[in-house]
Structures are given as C-alpha cells and as structure tokens.
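Please read the structure below before turning to the comments.
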Amino acid sequence: MILPFDRPGPLTPPPEYARLRDTTPVARVRTPDGREAWLVTSYDAVATVLSDRRFGLAPPGSTYPGNETLFQDGEAHARLRRLVSKAFGPRAVEGMRARVERVADEHVAALARSGPPADLVGGLAAPLSITVIGELLGVDAGDRAHVQELAGTGGADFVFGDEEEMSRAAKAWEGLTAYAATLVEARRAAPGDDLLSSLITVRDADDGRLSDGELVSMAATIVSAGYLSARNAIATAALRLLTENRLADVTGERAGAVVEEVLRLQSGLTGEPFPRFAQTDLDLAGVAIAAGDLVLVRLEAAHRDPRHFAGPDTFVAGRDSSPSLVFGHGVHYCLGAPLARLEVAAALAALARRLPGLRLLGTADDIVWARDGADIGPAALHVTW
C-alpha cells in the first residue's frame, strides 16, 4: 500500500483507514518518498505511539547537532519544555482571551462591511493568526505581513517532499530564523509584555536559562507552527460547520463542545503528528516493530474508532467518549493547545454572531487545498451571506 490514500471527498477520510483499523491497525505501507513504514490507525495504538518513549522523533542513536527546538527527544526536550512552559501556560493564554476575541470580531466586522462575497482565509483566518502570534512575540504591526510570508514554506512538504521541496523548506526556515534572531536581539534590548520577553528572562535553578540559539529556534517555531496550524484549523473548521449548517451552534451554551467536536473530526486532515521512529525492538498491537522502523499515526482514523467514539462519523457536540488526540498525547503534547482552541472558538463565534446567513460560494469540492510544511488547509474559502 502506497500513501496517500484516495479521499472520497475533501472532508471525508479515506475508507482504507477504517478497513485497516478493523483488520490491521498496524500495517506495512510505503511513504510518498518510497520509504517503508508502519501505519497506525486504531485509537489505542495511536495513543501508545504518541505517549510511549520507546518511540522518538529521530532514529535510535541519532544526535541533534544544531537542533535547539522542542522537536527532539529525551532530556534535551524535557529541559526546553520545562523552561518554555513557565511562560506559555494556561494563565498566560487566558489573559489573551479578550484581545483574541476582539481581534476576531474586528476582522469579521470588516468582512461584513466590505462584502459579500468574502474569503475567510485571507479576511479572517490568516490575519487573526498572524496578529495573535505577532502580539504573543512582540512583533511590530508593520512587520507582520513580512513574518506571515516567512512562515510559509512555499508549498513544500518537509516530511515526505522531494529534494527540491526540502531545499525550499530549508530556505524558508533560514529566512524565518534570521528574522527571529533580530527579534530576540530587540527584545533583549527593550523587553516588553510578551511571551518572547518572558522566555528571555525565565530562569530555573536546575535547567538554567534558554540560550540565544534556543530562543531564536523557539521564536521561529512558534511563528511557523502557530500561524500555519491556526490559520488552517480556523478555515477548515468554518468549512465543516458551514457544510453541516452548524455554525449557529458556536454561539450557544455548548459552543466549547462544538469546537472540540469539529477539531476531532478535522484533526489529521489539517495536520498529522510528526513521524516517529522505534527506539528499540517492541510489540505494538501484536505486531513486531524493529528498532529504527518508521511509524506513522493517523488521527483521522483514531478519532473514528468506534470502540472509543460511538457513531464516530456523526457530529455530536459534547459526546461521551475517550479524549481526542488533536494536540498529541504524552511528552510532546502541544504547548500551544489552549491558544489554538481559543483562536478557533473566537473566529467561529464572531462569524456566527455577525454573519448569521453565512454560506459557502459553491461546494466543498470546489476548494483548492494548499500545503505548507506538515499542515494543509484551504487556499481560500469563498463565502457569501
């Protein structure tokens, strides 16, 4: 079996996921770049891969020369996470709630004044995401369009892409880190009330403090991952709710549950967790995995496992089920999860409140999807009201 599998529709997972989950939840596949890998589709096996430290982000024995990001394993990752979490906690995100909701409302109000029609990617998802990330890191308003451009990878797939795509992604990362270095230098000279300033000053008796290289890598990672993932999540969530005529539900008492359900259904479509490598010989769901084997999890399949989600293909806000794995599980659980939830909820609520007659122009099948790095989302989402 060769990845990727065909989809019957833009919002519908490949039927092959269900077949494999029921018969071979850990199956041998070939990646788009020709490597052999294990594809994991059941909820239990996916949760194990994401949380078991016998699975790492790099092959066993690998070192991380020059890697000063959170995308590594072991104590190096644990130290960075301990330091970063001091400044990137739920309390800090909660302090941003009013501002995020106000920015979302302002963008939707601007759409209402200028439209219809409108593009929810260019008019809401992208500007909201870059504004939030910009304010989080103290990026001057005049620089945000430039940072937004740097955050993209030119459509490159840096996980399974060819040599040209890898080169394009590397060039984009170099540009982003170069800008991040100037930002760190500026914040050192004039600290502000922002996350980056907090990261510069954070210190721990055991872990010390973040080095310049770590600060630059952290700032670049927050911009790249935070902007792209939030932009795509907002646009895809709006698409699904409009397709199912559920946008109005985001203004009710169950708004939070609606957001959680839409994230469950779209996770994996807008981005899968990074591939893992077995660090030792092990057994996974009765399958022998060898040290060094490449392992790929599929959240779309795991979140439709009927043993954990009753009627898994049906939209049920507030369902009684196992927790979703939208933001990962275990030591690599996404530190930005509270902020991502806040941005998606704020954008959807503003749309529902200000544009109650909102509907798609055309159908979901008409949408062109764009890839940036490991994430994918609508290139544009044209609507009217």
Exercise. Would you say the side chain of Glu135 lies within less than 4.5 Å of the side chain of Arg144, judging by non-hydrogen atoms?
Worked result: yes
Problem set entry | Joint cluster assignment, Leu325 & Tyr17, ILVMFWY side-chain distance < 4.5 Å | no
Problem set entry | Flag side-chain contact, heavy atom, 4.5 Å: Leu296 against Trp38 | no
Exercise. Is a donor on one side and an acceptor on the other found under 3.5 Å between the side chain of Arg319 and the backbone of Thr314?
Worked result: yes
Exercise. Could you give the distance from CD1 (Ile289) to CZ (Arg276), rounded to the nearest 0.5 Å?
Worked result: 14.5 Å
For this session: Decide yes or no for Leu80 and Leu210: does some side-chain heavy atom of the first lie under 4.5 Å from some side-chain heavy atom of the second?
Result: yes
Exercise. When the ring centroid of His332 is compared with that of His77, is the distance short of 6.0 Å?
Worked result: yes
Seminar exercise, completed: In terms of heavy-atom contacts, Gly122 and Pro127 come closest through O-CD, 3.4 Å
For this session: Considering only NZ, NE, NH1 and NH2 on the basic side and carboxylate oxygens on the acidic side, decide whether Glu16 and Arg19 come within less than 4.0 Å.
Result: yes
Exercise. Could you walk me through whether Glu94 and Arg91 pass the salt bridge (Lys or Arg N to Asp or Glu O under 4.0 Å) check?
Worked result: CA-CA 5 Å; Glu94 188 59 31; Arg91 180 183 299 177; over 6 Å; no
Exercise. Is there a donor-acceptor pair under 3.5 Å between the side chain of Asp119 and the backbone N or O of Leu381?
Worked result: yes
Problem set entry | Glu214/Arg79 salt bridge by N-O under 4.0 Å criterion | yes
For this session: Mind checking the CD1-CG spacing from Ile367 to Leu360? Nearest 0.5 Å is all I need.
Result: 6.0 Å
Exercise. Under a single-linkage definition using a 4.5 Å side-chain heavy-atom cutoff for Ile, Leu, Val, Met, Phe, Trp and Tyr, are Leu183 and Val147 assigned to the same hydrophobic cluster?
Worked result: yes
Problem set entry | Nearest-0.5 Å distance that lies between atom CG in Leu284 and atom CZ in Arg54 | 8.5 Å
Problem set entry | salt_bridge(Arg353, Asp105) N-O dist < 4.0 Å | yes
Exercise. Between Arg264 and Glu261, is there a salt bridge with N-O shorter than 4.0 Å?
Worked result: yes
Problem set entry | Interatomic spacing from CD in Glu149 to OH in Tyr179 - rounded to 0.5 Å | 13.0 Å
For this session: Any chance you could measure Arg298, atom CZ, to Leu3, atom CG, to the nearest 0.5 Å?
Result: 5.5 Å
Seminar exercise, completed: Scanning both residues in full, the closest heavy-atom pair of Ala364 with Pro10 reads O-CG, 3.5 Å
Exercise. Taking all non-hydrogen atoms of both residues, which atom of Gly123 and which atom of Leu111 are closest, and how far apart?
Worked result: CA-CD2, 3.9 Å
Exercise. Is the NZ or CZ atom of Arg359 both under 6.0 Å from the centre of the six-membered ring of Trp385 and within 45° of that ring's axis?
Worked result: no
For this session: Determine the minimum heavy-atom distance between Ala248 and Ala352, stating which atoms define it.
Result: CA-CB, 4.4 Å
Problem set entry | Ser224 side chain vs Ala220 backbone, donor-acceptor pair below 3.5 Å | no
For this session: Answer whether the closest heavy-atom distance between the side chains of Asp194 and Arg187 falls below 4.5 Å.
Result: yes
Exercise. Taking the six-membered ring for Trp, are Tyr43 and His303 parallel (under 30°), tilted (30 to 60°) or perpendicular (over 60°)?
Worked result: tilted
For this session: Using the rule that two of Ile, Leu, Val, Met, Phe, Trp, Tyr join whenever any of their side-chain heavy atoms come within less than 4.5 Å, decide whether Phe71 and Met166 are in one cluster.
Result: yes
Problem set entry | Presence of salt bridge, Arg188 and Asp212, under 4.0 angstrom | yes
For this session: Kindly check if the number of other-residue, nucleotide or ligand heavy atoms within 6.0 Å of CG (Asp283) is above 12?
Result: yes
Exercise. With side chains defined as the heavy atoms from C-beta onward, is the minimum distance between Arg21 and Asp305 less than 4.5 Å?
Worked result: yes
For this session: Please indicate whether Asp366 has more than 12 foreign heavy atoms, meaning atoms of other residues, nucleotides or ligands, lying under 6.0 Å from its CG.
Result: yes
For this session: May I ask whether Phe309 and Phe315 are part of the same hydrophobic cluster, defined by side-chain heavy atoms of I, L, V, M, F, W, Y residues being less than 4.5 angstrom apart, directly or through others?
Result: no
For this session: Give me the one residue out of Val108, Ile234, Leu351, Leu239 that meets side-chain contact (heavy atoms from CB on, under 4.5 Å) with Leu120.
Result: Leu351
Exercise. Under a single-linkage definition using a 4.5 Å side-chain heavy-atom cutoff for Ile, Leu, Val, Met, Phe, Trp and Tyr, are Val223 and Val216 assigned to the same hydrophobic cluster?
Worked result: yes
Exercise. Do Asp44 and Ser42 have side-chain N/O donor and acceptor atoms under 3.5 Å apart?
Worked result: no
Seminar exercise, completed: Interatomic distance, CG@Leu265 vs CZ@Arg240, rounded to 0.5 Å, equals 5.0 Å
For this session: Considering non-hydrogen atoms only, spot the tightest contact between Tyr227 and Ile130 and give its length.
Result: CD1-N, 3.8 Å
Problem set entry | Audit row: Leu299, Glu272, side chain to side chain contact (heavy atoms under 4.5 Å, CB included) steps and yes/no | CA-CA 7 Å; Leu299 295 183; Glu272 292 284 7; 3.5 Å; yes
Problem set entry | More than 12 heavy atoms from other groups under 6.0 Å of CD on Glu163 | no
Problem set entry | Pair Val46-Thr41, side chain to side chain contact (heavy atoms under 4.5 Å, CB included): steps then yes or no | CA-CA 7 Å; Val46 166; Thr41 50; 5.9 Å; no
Exercise. Considering only heavy atoms from C-beta outward, does the side chain of Val26 approach that of Leu39 to under 4.5 Å?
Worked result: no
For this session: Answer yes or no: is there a side-chain heavy-atom contact under 4.5 Å between Ser267 and Ser324?
Result: no
Exercise. With side chains defined as the heavy atoms from C-beta onward, is the minimum distance between Asp375 and Arg371 less than 4.5 Å?
Worked result: no
For this session: Please report the C-alpha distance between Gln266 and Val326 in whole Å, then the side-chain angles of each, then the deciding distance to 0.1 Å, and finally whether the side chain to side chain contact (heavy atoms under 4.5 Å, CB included) criterion is met.
Result: CA-CA 9 Å; Gln266 76 185 47; Val326 173; over 6 Å; no
Problem set entry | Over 12 foreign heavy atoms within 6.0 Å of CD, Glu244 | yes
For this session: Examine Phe55 together with Phe277 and report whether their ring centres are nearer than 6.0 Å.
Result: no
Exercise. What's the shortest heavy-atom distance between Leu228 and Ala151, and which atoms?
Worked result: CD1-O, 3.4 Å
For this session: For the residue pair Tyr333 and Phe327, categorise the inter-ring angle as parallel (less than 30°), tilted (30 to 60°) or perpendicular (more than 60°).
Result: perpendicular
Exercise. How far apart are the C-alpha atoms of Arg254 and Asp249, what are their side-chain angles, what is the distance that settles it, and do they pass the salt bridge (Lys or Arg N to Asp or Glu O under 4.0 Å) test?
Worked result: CA-CA 7 Å; Arg254 299 174 71 78; Asp249 295 346; over 6 Å; no
For this session: Show your reasoning for whether side chain to side chain contact (heavy atoms under 4.5 Å, CB included) applies to Leu199 and Met218.
Result: CA-CA 9 Å; Leu199 291 176; Met218 196 63 60; 4.1 Å; yes
